[in-house]
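Read the structure below first, then the notes.
Counting starts at 1 for both ligands and their atoms, following the listed order. By convention here, the first residue in the shown sequence is residue 1.
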Amino acid sequence: MSPASSSLCLFLFLSIFSCIKSDELQILLTLKTALQGSNTDVLASWVSNNHVCNFTGITCNSDNFVKEIELSNQQLTGTLLFDSICQLQSLDKLSFGFNSLYGTISKELNNCTKLQYLDLGNNGFSGSFPSISSLSELRYLYLNNSGCSGVFPWASLEKMTNLISLSLGDHNFSPTPFPVEVLKLTKLNWLYLSNCSLQGPIPAEIGNLGELINLELSANNLTGEIPTDIGKLNKLWQLELYQNRLTGQLPVGLRNLTNLQLFDVSTNFLEGNLSEVRFLTNLVSLQLFENQLSGEVPAELGQFKKLVNLSLYSNQLTGPLPKELGSWADFDFIDVSENFLTGPVPPDMCKKGTMKGLLMLQNKFSGEIPASYANCLTLQRFRVSKNSLTGTVPAGIWGLPNLNIIDIELNQIEGPITKDIGNAKALAQLYAANNRLSGELPEEISEASSFVTIDLSNNQFSGKFPASIGDLKHLSTLKLQNNMFSGSIPKSLGSCNSLSDLNMAHNLFSEQIPSVLGSLPTLNSLNLSENQLSGQIPASLSSLRLVILDLSNNRLTGQIPVSLSIEAYNGSFAGNHGLCSQTISSFKRCSQKSKISKDVLTLIICFALGTVILLVSFACFFYLKKREKDHDPSLKEESWNMKPFRELVASEDEIIDSIKQENLIGKGGSGNVYKVMLSSGKELAVKHIWNSDTNGLKRARSTTPILGKRGGKSQEFEAEVQTLSSIRHVNVVKLYCKYGYTSKVNEKSDVYSFGVVLMELVTGKRPIELEYGENTDIVSWVCSNFNSKKRVLGLVDSRIPEVFKEDAVEILRIAVLCTARQPVKRPTMRTVVQMLEEADPCKLVRIVISKDGTAKKIEVKEDEKINSSA
Ligand SMILES: *[C@@H]1O[C@H](CO)[C@@H](O)[C@H](O)[C@H]1NC(C)=O
Ligand SMILES: *[C@@H]1O[C@H](CO)[C@@H](O)[C@H](O)[C@H]1NC(C)=O
Ligand SMILES: *[C@@H]1O[C@H](CO)[C@@H](O)[C@H](O)[C@H]1NC(C)=O
Ligand SMILES: *[C@@H]1O[C@H](CO)[C@@H](O)[C@H](O)[C@H]1NC(C)=O
Ligand SMILES: *[C@@H]1O[C@H](CO)[C@@H](O)[C@H](O)[C@H]1NC(C)=O
Ligand SMILES: *[C@@H]1O[C@H](CO)[C@@H](O)[C@H](O)[C@H]1NC(C)=O
Ligand SMILES: *[C@@H]1O[C@H](CO)[C@@H](O)[C@H](O)[C@H]1NC(C)=O
Ligand SMILES: *[C@@H]1O[C@H](CO)[C@@H](O)[C@H](O)[C@H]1NC(C)=O
Ligand SMILES: *[C@@H]1O[C@H](CO)[C@@H](O)[C@H](O)[C@H]1NC(C)=O
Ligand SMILES: *[C@@H]1O[C@H](CO)[C@@H](O)[C@H](O)[C@H]1NC(C)=O
């Protein structure tokens, strides 16, 4: 029918039915116009020469009136015209969930009085919900995560006595007590009110909702005890109360919920024992982590035939785990870390060959690691650190093909690492420190090509270290300290291009330090102390940017390279009686035949503007690089990323958690800058410069809890973050500046305090000092000296070497802008970060040192060849 015919029909007294039908066509075509943003052609059939009942998503009743609109999950965008929609007289189902609809939900929705099913959830609506009290026929109401906010019209629910499903969760509503209207909806079998700002106690009347199969109240601010009457909900299949502030014990009567399969009350303040859980024999997933539960794990759990996930970590549980735990169903994971559990590791949790995670860190487990796990091909995480385990690691475990992490630290485990470790193709992290492991390390370890971290410190390993280690291209941390390794340090380590932390201290390594170590592009910490190393300190080490350099207590001889003779490396060379130095007074002077002056040296400067908590400090590095290395790609600017001089005292979680879109405050050529709020209240700007492999970070993020699907969170997260620990010092996080803004990034006043901090950093002085004069602070002091070319250099901290002072002045210039007297003249935080980017004090700079010792600084362009013309 053509559009004109609808008016014609009134006119020509055609049958009333065709008239209404033509109206319905009009209504749907109008509806379509508001959905034109759609990027699918799902509405292609919605055209006037088609019958409405043949439109995609439309179902008609026997009289050919539109009865249902089902267009959920169709990638629709646009708005919903409820005034049109609700003219469809027979409409009883309206389903638009999981689209990208926007705009407000208008009060005309109330005219859809016949609706039994309404789904507007998972969209991007805005504004508050209108009262929908006329929709008294509703049986299914899904508005969860609709995008609306404000006060929800709870009173509208009062007359919806036929409601079976009610989903209102995932809303940023105004905080509200548990809505009493819901307690009268006795036909409900699905109630989803998670993450929607409920506060106060769960009313005892929740027990009236005896038809409930699913009850989800997680991630609210609920307090008080779990009401005993919850035990009346004996049809419950899922009960989710996690992330609230619930107190008291698991209520008596919980045992009546024998149909319960999914039970999660983690992250609350619950105490008392688990005896009510004994009767929940149909449990599939039990999540009680992060509470204050005590007593023993009931023996009955060992007989639960469906149990696949068990997370009890961070409680105060004692006693042993049931021997048959996890042996019945396709067990997936256990995390009972951080309790006081004793006895052996249950042997049969991987009986069905499905287990992925075994996490039992920080308890008092004893006995040996059961040999059965050597057959657990699905296992990805094996973590039993900080227990009292003894015996050897059973043959096969080292080589499990899907294992990502082996963590057996701090036990009394003995024996060797066996050759089969070469099969562990997925193994990224091996934490075996503080045990009694011994023997030689097999060459095959280098076939485990995913390695990122190997920590074997404080064991009794001996023999030569495998020369093939250079095959491990992802290896970032290698800790071998306090063992009895001997022979030379393998030269192939120079091929481990990701290495950032190398500790071989307190072993029996001998011969020379391989000069290739100096070409490791991201080496950040090098500790070779307490060995029997001899020969000269390779000049190549000068090109490294090391936070820690420890070569003490060896047998090194010759000159300490000038560039390493800096205060930061004060103790780095002690206990080597053959060393000499021109600059460090505690060493004997060298004879005058130094060769260093001929070399062309490259100098890099880095500022670490502000280390957390520690002194506000300023530091510089410089790197001297031999001319043979002049085209090393690692010298390109973007690879000089991480410059904390002192250790960063912030937890990785805090930093990584904050690397997300909403915290973005600036973008630079080599990465984004994020605002990071530490738990200590301090705020930082952190630069994320992970340009090669972003997986590490993504993985860490994806293990944070997602509502409804969780478990095993804390330990998993910890593990992923450990993968990132190398990054902390190397090339993801660039700690720019410590600053104290409190709310919005672009508030001028905050920029001011930031400027003050910058001044403190560059001058090495405090906000108020006597030398500024009376009634004067650092800002006036800096500003009054800044315009004098002579005096400006005097502002810079005297500990900053001469050649870097220009860069420091650049930073001061920004600080002066930040502290402009008139707030409007101050730049925004975003601009400041950009300016810091541009003034990046990490420029590649070449220093040519001539024979008479004078230095000349030249900026290096990336492609420019360095001539040895000095
Ligand atoms: C829907 O289309 C089919 C053919 O595709 C046709 O046979 C049927 O009559 C149409 N239904 C209505 C109600 O027009
Ligand atoms: C919708 O309902 C309101 C009263 O709530 C009424 O005034 C209006 O006429 C109705 N609109 C339609 C199109 O039925
Ligand atoms: C959220 O709403 C969707 C429909 O938009 C529904 O399918 C889903 O079950 C709801 N989630 C919960 C937990 O109720
Ligand atoms: C909580 O709800 C908000 C919407 O208000 C949503 O953005 C957020 O993802 C939800 N939180 C979780 C953990 O699902
Ligand atoms: C929870 O409620 C308390 C007061 O009872 C309030 O101080 C706190 O901010 C609330 N937390 C959230 C996340 O709403
Ligand atoms: C649990 O079930 C028992 C026996 O069926 C009953 O006596 C008791 O009242 C129930 N407890 C609760 C809290 O409903
Ligand atoms: C568990 O706690 C309840 C209530 O406090 C107590 O009656 C019961 O004896 C305890 N059970 C065990 C095994 O300790
Ligand atoms: C068990 O935990 C795993 C890992 O978190 C999860 O993927 C799986 O869905 C969970 N299974 C059940 C039944 O909860
Ligand atoms: C080097 O390692 C040894 C052994 O672990 C340790 O005692 C020493 O403190 C480390 N040196 C530095 C500078 O951290
Ligand atoms: C470095 O050593 C010198 C002399 O041995 C000493 O005066 C100075 O305080 C030391 N500096 C640091 C940071 O330890």
**Asked** Do Thr354 and Thr378 have side-chain atoms, one donor and one acceptor, less than 3.5 Å apart?
**Response** no
**Prompt:** Taking Asn259 for the side chain and Asn234 for the main chain, is one N or O donor matched with an acceptor at less than 3.5 Å?
**Reply:** yes
**Asked** For the ring pair Tyr142 and Tyr117, is the centre-to-centre distance below 6.0 Å?
**Response** yes
**Prompt:** Does any N or O in the side chain of His171 come within less than 3.5 Å of the main-chain N or O of Gly150, such that one atom is a donor and the other an acceptor?
**Reply:** no
**Message:** Any nitrogen or oxygen of Glu216, side chain or backbone, less than 3.5 Å from one on ligand 3?
**Reply:** no
**Fill in**
For Gly121, the ligand 3 atoms with a heavy-atom partner under 4.0 Å come out as 5 (O)
**Request:** Under 4.0 Å from a heavy atom of Asn122: give me the atoms of ligand 3 that qualify, with their elements.
**Result:** 1 (C), 2 (O), 3 (C), 4 (C), 5 (O)
**Request:** Indicate yes or no: does an N/O atom of Asn144 lie under 3.5 Å from an N/O atom of ligand 3?
**Result:** yes
**Complete:** Checking heavy-atom distances from atom 3 (C) of ligand 7 to each of Asn273, Leu250, Val252, the winner is Asn273
**Asked** Between Lys356 and Phe333, is NZ or CZ placed under 6.0 angstrom from the six-membered ring centre and within 45° of the ring axis?
**Response** no
**Message:** For atom 5 (O) of ligand 3, what is the closest protein heavy atom, and at what distance to 0.1 Å?
**Reply:** Asp119 OD1, 2.8 Å
**Message:** So is Ser275 touching ligand 7 or not, going by heavy atoms under 4.0 Å?
**Reply:** yes
**Item:** Contacting atoms of ligand 3, where contact means under 4.0 angstrom from a heavy atom of Trp190
**Value:** 12 (C), 14 (O)
**Message:** Taking Asn363's backbone N and O only, do any of them form a donor-acceptor pair with Lys386's side chain (distance below 3.5 Å, no angle check)?
**Reply:** no
**Item:** Shortest heavy-atom approach to atom 6 (C) of ligand 8 - which of Leu283, Val284, Asn309, Leu310
**Value:** Asn309
**Item:** Which of the ligand 7 atoms, numbered from 1, are nearer than 4.0 Å to a heavy atom of Gln249
**Value:** 4 (C), 5 (O)
**Request:** Among all protein heavy atoms, pick out the one at the shortest distance from atom 7 (O) of ligand 3; state its residue, atom name and that distance to 0.1 Å.
**Result:** Phe98 CE1, 4.1 Å
**Message:** Looking at Lys159, I want to see if its NZ is surrounded by more than 12 non-hydrogen atoms of other residues, nucleotides or ligands under 6.0 Å.
**Reply:** no
**Message:** Looking only at protein heavy atoms, which one is nearest to atom 12 (C) of ligand 3, and what is the separation?
**Reply:** Ser167 OG, 3.5 Å
**Message:** For the CG atom of Leu325 and the CZ atom of Phe331, what is their distance to the nearest 0.5 Å?
**Reply:** 5.0 Å
**Prompt:** Any protein heavy atom lying closer than 4.0 Å to atom 9 (O) of ligand 7?
**Reply:** no
**Request:** Measure from the side-chain N and O atoms of Asn387 to the backbone N and O of Lys364, and report whether any donor-acceptor pair falls under 3.5 Å.
**Result:** yes
**Prompt:** Under a 4.0 Å heavy-atom limit, does Glu296 contact ligand 7 with its side chain, its backbone, both, or neither?
**Reply:** neither
**Prompt:** Say you draw a straight line from CG of Leu358 to CG of Asp335; how long is it, rounded to the nearest 0.5 Å?
**Reply:** 9.5 Å
**Request:** Look only at interatomic distance and state if Tyr142 has a nitrogen or oxygen under 3.5 Å from any nitrogen or oxygen of ligand 3.
**Result:** no
